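Step one of this worksheet: look at the structure below.
Only this structure's heavy atoms are used, side chains among them; waters, hydrogens and symmetry mates stay out. In this text the structure is predicted, and so the values were computed from the model without any measurement.
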There are 2 protein chains.
Amino acid sequence: MTAKLKGETREPPDITRTAVTAAAEPIQVNFNSLPAEENPPERISIRDVAKQAGVSIATVSMVVNQNPRISRGTHVRVQRVIDSMGYRPNRLAQSLSSRYTQVLAVILPPLRHAFADAYFGEILSGISDRAGKLGHKLLIEQAKPQYIKEGKHIELYERRFVDGVLCLGFNEKHGFLSDLRQYPMILVDNRFGEGVLDYVHCDYRMGAKQAMNCLLQLGHRNIGMIYAAPESPTARDVLEVYTTELRNAGIEVKESWMADGCFTDEGGAAAADLLTHRDKDLTALLCGNDKMALGAIRYLVEHGHKVPQDISVVGFDDIQHLAYANPSLTTVHLPLYELGVAACERLVSRIRGKVDRVAEVLPTHLVLRESTSIVRTR
Amino acid sequence: MTAKLKGETREPPDITRTAVTAAAEPIQVNFNSLPAEENPPERISIRDVAKQAGVSIATVSMVVNQNPRISRGTHVRVQRVIDSMGYRPNRLAQSLSSRYTQVLAVILPPLRHAFADAYFGEILSGISDRAGKLGHKLLIEQAKPQYIKEGKHIELYERRFVDGVLCLGFNEKHGFLSDLRQYPMILVDNRFGEGVLDYVHCDYRMGAKQAMNCLLQLGHRNIGMIYAAPESPTARDVLEVYTTELRNAGIEVKESWMADGCFTDEGGAAAADLLTHRDKDLTALLCGNDKMALGAIRYLVEHGHKVPQDISVVGFDDIQHLAYANPSLTTVHLPLYELGVAACERLVSRIRGKVDRVAEVLPTHLVLRESTSIVRTR
DNA sequence: GTTAACTGTTTAATCAGTTTAACAATCCAT
DNA sequence: ATGGATTGTTAAACTGATTAAACAGTTAAC
């Protein structure tokens, strides 16, 4: 009979409703000045503001959205009421009505330490900073097998959680990416198919060329390569440039000079083990990322090889706080922060329908430090 | 006159509306089988399902929410229609109506590398996993000064972005925390005031005791301490236990044995520098976290001190991949993943109104590795 | 001095759900 | 056969915003 009381509390739902599947600034605070518990502040809606200001809710909405059809006088008058009442528009209602959530999702690969990874972290910083500036919030998801199986990545759009998705650490092998083809999304630091998905990635070919030039100029001819994820287009870029540059220098490329290091520290160490035993004449190692390079250096040092005197090592990424490693690492600097910024920027442009398919490649540069030196003479 | 066309596209808003302030499973994909671009799938609403199933929208809603008032037969019949149509409830409408968003925010401190931090990463993993299981999404925010000044942390609730907030890496010095007092929130790995805020933290007193016991048992008597953030209650716990344990062992505590390492690698190195010059007789260092411990070891090794032969070092955190460091680090293991899980669990319970003020402390244990040894005899 | 164009505001429909109260239909006891 | 309790379903109100279309009041043009 009577309308539901405003502010009445209800029980929150215990389960997620997914319908489709039926299964399953530092300021010192004086604690004494803080009342132990306060009633939650009562919600002020657009109707309350409209009533108080003596206008319609449409007018309030237009003031909030800075619609130019509202006169200066009305704008000021209503804005004063808004400020005095502390009105904040309910974003759920805004999004329901406007069809835009102003939220983006970042999908990370299902690695145990994805959240603590320097590579992802740097990209995330860029994404987060730019998203904030563009007035967007960030949802973080991890694409575990179960997650994909349940179609949660599609729900992200279909249930209106987000306007767009940024995918980090995936490549063509990850079939779920093509499920997102029809929605706003961007693949970060890789590419996919031919004009199938939007992407932004670092120029791994340029980076590989810079690294190889460096090693060749230092006189190295027996150069090993610790790669990873050969199914990844950008990883293949590096491998291709590696072999091409060797050939161009008149060096015969040996299959035994290459090993998979799985992008990990341990993998890098294992690969260094393998490579140094397969060919004792290797004087340099090119590594697909810094983590593998560090693993390799650790292995080499522990097994009596001096770095760089016996073997030079070059990495990829230029992860922070590694300049302190001993020896410090010569590496290809990837503009990961900028990559995140660009990816976020492009995605939002796509959401706003302003641009066509995005395909951008960001330049790299070599950072020469202590893990490389002129080739040893026998 | 005519109703707006369904699926008609509108322009997304260019600005954030904040009213209050007027200022400012790997599967290979065959690309050829993918149509270049598809029309976005048309939205299916609860009304479409109701019509198709020949029931009211209330019934569909109750089926989706597994309301027991719906008969078995109706449930099955409607569920079939839901599945066949691929209906997914719009979460914005659900949340607007139900008053619960099923979204939690994680607020990180404004550090440059907060997203790539092993400490935060581990906690985040726990939070993320548990949030997923509880049917909640995660929003990630960084509390930059501007962010707090603009009251964005309060908007998180007031504009219905989230149901609750987890705060990582903050302490009593961070005044904005008290703004959140009246909303569901939990302070992670610290405490605040006396029953003012919910919190879960590791038992730093226990950890400090374990570390000191170890060092004292190894015969050390001149033990230095590299602390950080002395305004933090948990950091003070460690300092207090450190001094108490020394006194209990009949050792006079010297002010010159303590230095602030700012929780960073460089800070740890600088503190080690300071401490070893202030007192050449120090045989052990207790460090507030692993990063400082590593910085200290790096400094010590580079300056001719052998670790552990000359100086033993104990850390705090037990960050992954550090077991490989040389020497590997003896450290107090903090159950950070479990901390994240517990924090998330408790927060959701609070949101559901099931429990009172949360104040939980998780046990630690010492991991003995190579950076500690029996005290050197002169 | 009408008519047309422009301004600023409001009305009402819409977004897509949840929930309360009412209602119809069946069941059991009187 | 009548009344009350029980069960399953629906109508309608409600969540809090946006926006197209209508409308009233001025001003400009013919």
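Judged by closest nucleotide on DNA chain C, R77(A) is the one of I57(A) and R77(A) placed further toward the 5' end. Both L96(B) and A58(B) lie close to DNA chain C; mapped to their nearest nucleotides by heavy-atom distance, the more 5′-ward contact belongs to L96(B). Taking for each of G54(B) and A93(B) the nucleotide of DNA chain D with the nearest heavy atom, the 5'-most of the two is the partner of G54(B).
Among the atoms of the strands shown, none is found under 4.0 Å from any heavy atom of L92(A). Contact annotation for R47(B): base contact, defined as any heavy-atom pair under 4.0 Å involving a base atom. In this structure, V55(A) reaches the sugar-phosphate backbone alone: every heavy-atom distance under 4.0 Å involves primed, P, OP1 or OP2 atoms, never a base. No engagement by R160(A) is indicated, since no non-hydrogen atom pair under 4.0 Å with the nucleic acid exists. Residue contacts for S71(A): at a heavy-atom cut-off of 4.0 Å it reaches the sugar-phosphate backbone alone, with no base atom in range.
Taking the side chain of R69(A) as heavy atoms from C-beta on, and the options dT10(C), dG16(D), dT20(C), the nearest nucleotide is dT10(C). When distances are taken from the side chain of N65(A) to each of dA11(D), dG17(C), dT18(D), the shortest belongs to dT18(D). Taking every side-chain heavy atom of S98(B) into account, dT18(C) is the closest of dT18(C), dT20(C), dT18(D).
If you take CD of Q102(A) and P of dT18(D), they are 11 Å apart, rounded to a whole angstrom. Per the geometry, CD belonging to Q94(B) stands 13 Å off P belonging to dA16(C), to the nearest Å. Atom-to-atom, CZ of R91(B) to C1' of dC15(C) comes out at 14 Å; the value is rounded to the nearest Å. Distance CZ (R88(B)) to C1' (dG17(C)): 17 Å, rounded to an integer number of Å. Atom-to-atom, CE of M62(B) to P of dA16(C) comes out at 22 Å; the value is rounded to the nearest Å. If you measure from atom CZ of R72(A) to atom P of dT9(C), you get 13 Å, rounded to the nearest angstrom. For the pair R159(B) CZ and dA17(D) C1', the interatomic distance rounds to 11 Å; values are reported in whole Å. Separating the CG atom of N90(B) from the C1' atom of dT14(C) is a distance of 13 Å, rounded to the nearest angstrom.
At distances below 3.5 Å, not a single donor-acceptor pair connects side-chain atoms of Y87(A) with backbone N or O atoms of V81(A). A distance-only check finds no donor-acceptor pair linking the side chain of Q142(B) to the backbone of I107(B) [under 3.5 Å]. The main-chain N or O of S125(A) is never found under 3.5 Å from a side-chain atom of S128(A) such that the two would form a donor-acceptor pair. The backbone N or O of E345(A) sits less than 3.5 Å from a side-chain atom of S349(A), completing a donor-acceptor pair.
When all heavy atoms are compared, the tightest approach of Y183(B) to I154(B) is OH-CG2, 4.0 Å. Among all heavy-atom pairs drawn from A143(B) and F176(B), the shortest one is CB-CZ, 4.3 Å.
In the helix from dG1(C)-dC30(D) to dT30(C)-dA1(D), the terminal helix axes, each the rotation mapping four pairs' C1' atoms onto the next four within five end pairs, subtend 60°, rounded to 10°.
The shortest side-chain heavy-atom distance between V341(B) and D129(B) does not fall under the 4.5 Å cut-off.
At a cut-off of 3.5 angstrom, counting only N and O atoms as typed in the model, there is no donor on one side facing an acceptor on the other between the side-chain of S45(A) and the base of dG16(D).
With values rounded to the nearest 0.5 angstrom, R352(B) atom CZ is found 10.5 Å from L347(B) atom CG.
Note on T59(A): a side-chain N or O is less than 4.0 Å away from OP1 or OP2 of dT10(C). Of the side-chain N and O atoms in S97(B), none sit less than 4.0 angstrom from OP1 or OP2 of dT18(C). For dG17(C), one of the phosphate oxygens OP1 or OP2 lies less than 4.0 angstrom from a side-chain nitrogen or oxygen of Y87(B). Side-chain N/O atoms of R99(A) include none lying less than 4.0 angstrom from OP1 or OP2 on dT14(C).
The pair R346(B)-E360(B) meets the salt-bridge criterion, since a charged nitrogen lies less than 4.0 angstrom from a carboxylate oxygen.
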